[in-house]
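Computed from a predicted model, the values in this text were never measured in an experiment.
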Amino acid sequence: MKMLKSLLCGLLAAGLAASANADTIVRIVGSTAYRAGVHQSILDYVSSSAFTGYSYVYWGNSNFRKAAGAVFTGTNSGGSKTIYETYWTGSAAGCTDLAIQKPIAAFLSGTYYDNAVASGTEVATAAGTGLTAETNITPPVFESPAQPADVAMSDSLYSDVASGLKDANVSPALVISGTTYSNGVALKNAILNNGLADAGDTSTSGTAPGDNGCVGIVAFEWVLGNPGSTGLTGTSIGSQVAEQLASTGAVNFSAISNNPNDLTNFALLVGRNEDSGTRIDSLAECGFEPAHSFDAAPVQTYVLFSSTNDVDTSYPTPTASQGLYIGGPGVSATSVAIWSANNALNTEPSVSWSPAGHSGYIAGGDVAAVLEATNGITYAGQTSSVRTLLNTLAPFNYGNAPSASKIALIGYVGISDGHTATGGGGIGLYYNGIPYNANYVENGSYTLWAYEHMYYLSSSAKKALINPIADDLFTNNADIDSNGLHFTSSPSNSTGDSIGVPFLDMNVYRSFTEGGNLSSY
C-alpha cells in the first residue's frame with residue numbers, strides 16, 4: 001500500500017491541545033460503508049500514546065466494526081476526555097442532518113463514558129453500568145436531549161445528495177432551531193448552502209483527504225438471488241441491463257443469462273431506500289445521473305413476500321394484510337410486490353417520496369437477506385400488477401407471459417453485503433464482464449465504485465479532533481474489513497469483506513463524480 005506522509009502526530013497534538021481544558025464530544029453519522037474503518041481509526045486515535053487511557057462500548061452488533069452506534073473515549077494528560085459518538089444513518093440522512101443540524105436521538109448516553117477511563121489501560125467497567133469495555137450494549141440508552149452531528153460520512157457527493165432531495169415531500173415541515181423546511185427544495189438548498197466541507201489536513205497539497213475530497217474508495221456489486229428451484233443462473237450484468245432494471249424494475253432474464261430459453265423468464269430489482277449512497281452510486285454508474293436514483297420518475301423496486309415467518313416489523317406494512325419479509329438463509333421466497341408509496345427517509349419521518357416503487361430496504365444487509373432466500377417465485381403466483389409489468393416484457397407478442405415463467409431477484413449491494421448474500425446461495429455477478437476485486441478497482445477494469453467522503457461544517461470548532469480521524473482513515477484503514485483485516489494485494493483474493501480501497505492505491509480517477517468516465521493518472 002502506498003503510504004501518505006501524514007501530519008497525524010502533529011494533528012494528534014493539536015487535537016489534544018484543543019481539548020486540554022474540557023471534555024469534547026464529536027458526533028458522527030452517515031453511511032455504513034466505511035463504518036469499520038471509521039471505528040478502527042477512532043480506536044487507533046484514542047488508544048495511541050497521546051492519551052493516558054481509553055475505552056469503548058457499542059450497540060447493535062457483537063462486532064464493534066459492525067455496530068449501529070458506539071462511544072470511544074480517550075483521556076489526555078490533563079484529565080479531560082475526547083469522546084467520539086457514532087450512529088450510522090445512511091448517506092442522505094447524514095448529509096441532511098449535518099446541514100440542518102437536526103438533533104439525533106440515537107447517540108449513546110453519557111452514562112457510557114463518564115469516568116470510563118483508567119490510567120494507561122483499557123478499562124474494565126464503564127460508568128458504573130457494570131458493562132465492560134468492548135461490550136455490545138443491549139438495550140442501549142441514548143443521550144437526552146438529542147444532539148446534532150458534527151460529521152457525516154457519505155458514499156456520494158453532498159451536492160448529489162442535495163439534488164436527490166429536491167422532489168421529496170416534507171410533511172409535517174421540519175423546524176430546526178427556528179428554521180422551517182417545508183419541501184425538498186428547502187432541504188436541497190440547506191445542504192448546498194450550509195458549508196459542508198471535506199475533513200482532513202489540507203497542508204499537504206494533493207495527498208491529504210481535505211485536498212482530494214475523499215477518504216477512500218467504496219465499491220459495490222450486483223448479486224443474483226439464490227436460484228432455488230427456479231434454476232435461473234447467470235454470471236454477468238452489463239451497465240445497460242442494470243439501467244433498464246432501475247428504469248422499469250424488470251428485465252427478461254436472458255439479458256442476465258445470455259440464454260435464449262430465458263426470454264420468458266424475468267429478473268426483478270431489489271434495492272435500497274432513498275437514504276442509500278449505495279443506491280445513488282450503483283444507479284449513477286449504470287447510466288442514471290445521480291439525481292435520478294431519487295427522482296419520482298424512473299426507479300421501480302420490489303419487496304419480498306415469503307412463505308416463512310420472517311417479517312421485519314421495523315418497516316411499514318406494504319399491504320393491509322401482509323407484513324414485509326426480508327428473507328435470509330433457509331427462507332423460501334414465493335411472491336413479490338412493488339414497494340409501497342410514501343416511505344420515509346431514515347431519521348426523517350416527515351421526508352418521503354410519493355410514487356410506489358420509489359423506495360427500498362433501509363439496510364444493505366436486508367437486501368443481502370432477500371438475495372439469500374431460496375427462490376420459488378413464478379409468474380402464476382404473482383399479483384395482477386406484477387404480472388401486468390412482466391407482460392410488457394414478454395417477447396413475441398404473447399400478450400401474457402407463460403404461466404410457467406420464472407422470476408429471479410437481483411440487487412446491488414456493498415461488497416461486504418455481497419459476500420453475505422453469496423455465502424447464503426446468491427450469485428455474485430461480473431459487472432460489464434469483470435468480477436469484483438480490489439486490484440481491478442485500482443486499475444480501472446472494475447468500474448462500480450465511488451468516492452467515500454467525510455464531511456463537517458466549515459464553521460466547525462472541532463476540526464482539530466476530526467481531521468486526525470479522516471487522515472488515519474485515508475492513510476491506514478480505507479480497506480479494513482469487519483474482522484480488522486486489510487485486503488491482500490493478489491488478483492486471486494476477492495474473498496475479504498472490505499468494500500474500501502485506499503485512494504493512493506488508485507491508478508484511475510473519475511473527477512470525483514458518481515458514474516463519471518475513468519481517466520488514468
So, for Tyr431 and Trp449, is the gap between ring centers shorter than 6.0 Å?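 Tyr431 vs Trp449: aromatic centres not under 6.0 Å.
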
Does a donor on one side chain and an acceptor on the other come within less than 3.5 Å for [X] and [Y]?
X: Asn252; Y: Ser254; result: no
X: Tyr451; Y: Asn212; result: no
X: Asp44; Y: Asn477; result: yes

Please name the pair of heavy atoms, one in [X] and one in [Y], separated by the smallest distance, quoted to 0.1 Å.
X: Phe253; Y: Ala267; value: CD1-CB, 4.0 Å
X: Arg279; Y: Asn273; value: CD-O, 3.3 Å
X: Tyr446; Y: Pro435; value: CD1-O, 3.4 Å
X: Gly414; Y: Phe220; value: CA-CD2, 4.0 Å
X: Asp281; Y: Asp155; value: OD2-O, 2.9 Å
X: Tyr436; Y: Ala219; value: CE1-CB, 3.7 Å

What I'd like to find out is whether the side chain of [X] reaches to under 4.5 Å of the side chain of [Y], using heavy atoms alone.
X: Tyr412; Y: Trp222; value: yes
X: Asp481; Y: Ser416; value: no
X: Thr420; Y: Val413; value: no
X: Gln382; Y: Ser335; value: yes
X: Ile377; Y: Leu268; value: no
X: Val71; Y: Phe107; value: no
X: Leu108; Y: Tyr58; value: no
X: Val508; Y: Ser520; value: yes

Using the salt bridge (Lys or Arg N to Asp or Glu O under 4.0 Å) criterion, which residues pair with Asp97? Sequence neighbours excluded.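 Partners of Asp97 under the salt bridge (Lys or Arg N to Asp or Glu O under 4.0 Å) test: none.
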
Return the set of residues passing side-chain contact (heavy atoms from CB on, under 4.5 Å) with Ala470 (not counting sequence neighbours), or none when no residue passes.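 Result, side-chain contact (heavy atoms from CB on, under 4.5 Å) vs Ala470: Ala199, Pro209, Val215, Met454.
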
Stepwise, does the side-chain contact (heavy atoms from CB on, under 4.5 Å) test hold for Val46 with Thr73? CA-CA 7 Å; Val46 300; Thr73 305; over 6 Å; no

For the side chain of [X] and the backbone of [Y], is there at least one donor-acceptor N/O pair under 3.5 Å apart?
X: Arg35; Y: Lys66; answer: yes
X: Asp201; Y: Asp471; answer: no
X: Arg510; Y: Gly516; answer: yes
X: Thr422; Y: His419; answer: yes
X: Glu274; Y: Ser352; answer: no
X: Asp479; Y: Pro502; answer: no
X: Ser154; Y: His453; answer: no

With side-chain contact (heavy atoms from CB on, under 4.5 Å) as the criterion, how do Asp275 and Ile362 come out once you've worked through the C-alpha distance, each side chain's angles and the decisive distance to 0.1 Å? CA-CA 8 Å; Asp275 186 68; Ile362 293 172; over 6 Å; no

Check the pair Met506 / Val441 against side-chain contact (heavy atoms from CB on, under 4.5 Å), numbers first and verdict last. CA-CA 8 Å; Met506 294 295 289; Val441 173; 4.0 Å; yes

For Tyr84, ring-ring contact (aromatic ring centres under 6.0 Å, His included) partners two or more places apart: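 Once residues adjacent in sequence are excluded, the partners of Tyr84 under the ring-ring contact (aromatic ring centres under 6.0 Å, His included) criterion are Tyr45.
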
I'd like to check the ring-ring contact (aromatic ring centres under 6.0 Å, His included) partners of Tyr158; sequence neighbours left out, ordered by chain and number.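 Applying ring-ring contact (aromatic ring centres under 6.0 Å, His included) to Tyr158 gives Tyr455.
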
Could you walk me through whether Asn265 and Ser405 satisfy the side-chain contact (heavy atoms from CB on, under 4.5 Å) test, starting with their C-alpha distance in whole Å, then the side-chain angles of each, then the deciding distance to 0.1 Å, before giving a yes or no? CA-CA 5 Å; Asn265 295 322; Ser405 293; 4.2 Å; yes

In terms of relative ring orientation, are Phe72 and Tyr56 parallel, tilted or perpendicular, with 30° and 60° separating the classes?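 Ring orientation, 0 to 90° scale: parallel.
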
Rounded to the nearest 0.5 Å, what separates atom [atom1] in [X] from atom [atom2] in [Y]?
X: Ile469; Y: His39; atom1: CD1; atom2: NE2; value: 11.0 Å
X: Ile191; Y: Cys95; atom1: CD1; atom2: SG; value: 6.0 Å
X: Asn258; Y: Thr235; atom1: CG; atom2: OG1; value: 7.0 Å
X: Asn507; Y: Ser519; atom1: CG; atom2: OG; value: 13.0 Å
X: Tyr34; Y: Trp88; atom1: OH; atom2: CH2; value: 12.0 Å
X: Ile410; Y: Ile237; atom1: CD1; atom2: CD1; value: 4.0 Å

If you apply the rule ring pair (Phe, Tyr, Trp, His ring centres under 6.0 Å), what do you find for Phe266 with Tyr379, and how did you get there? CA-CA 9 Å; Phe266 307 97; Tyr379 170 89; 7.0 Å; no

Identify all side-chain donor-acceptor contacts of residues 223-234 below 3.5 Å with residues at least two apart in sequence or on another chain.
residue : atom : partner : partner atom : Å
Asn226  : OD1  : Gly228  : N            : 3.2
Asn226  : ND2  : Glu372  : O            : 3.3
Asn226  : ND2  : Gly424  : O            : 3.4
Ser229  : OG   : Asn375  : O            : 3.4
Thr230  : OG1  : Pro227  : O            : 2.5
Thr230  : OG1  : Leu232  : N            : 3.3

Partners of Thr447 by side chain to side chain donor-acceptor pair (under 3.5 Å), sequence neighbours excluded?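 Thr447: side chain to side chain donor-acceptor pair (under 3.5 Å) contacts with Glu285.
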
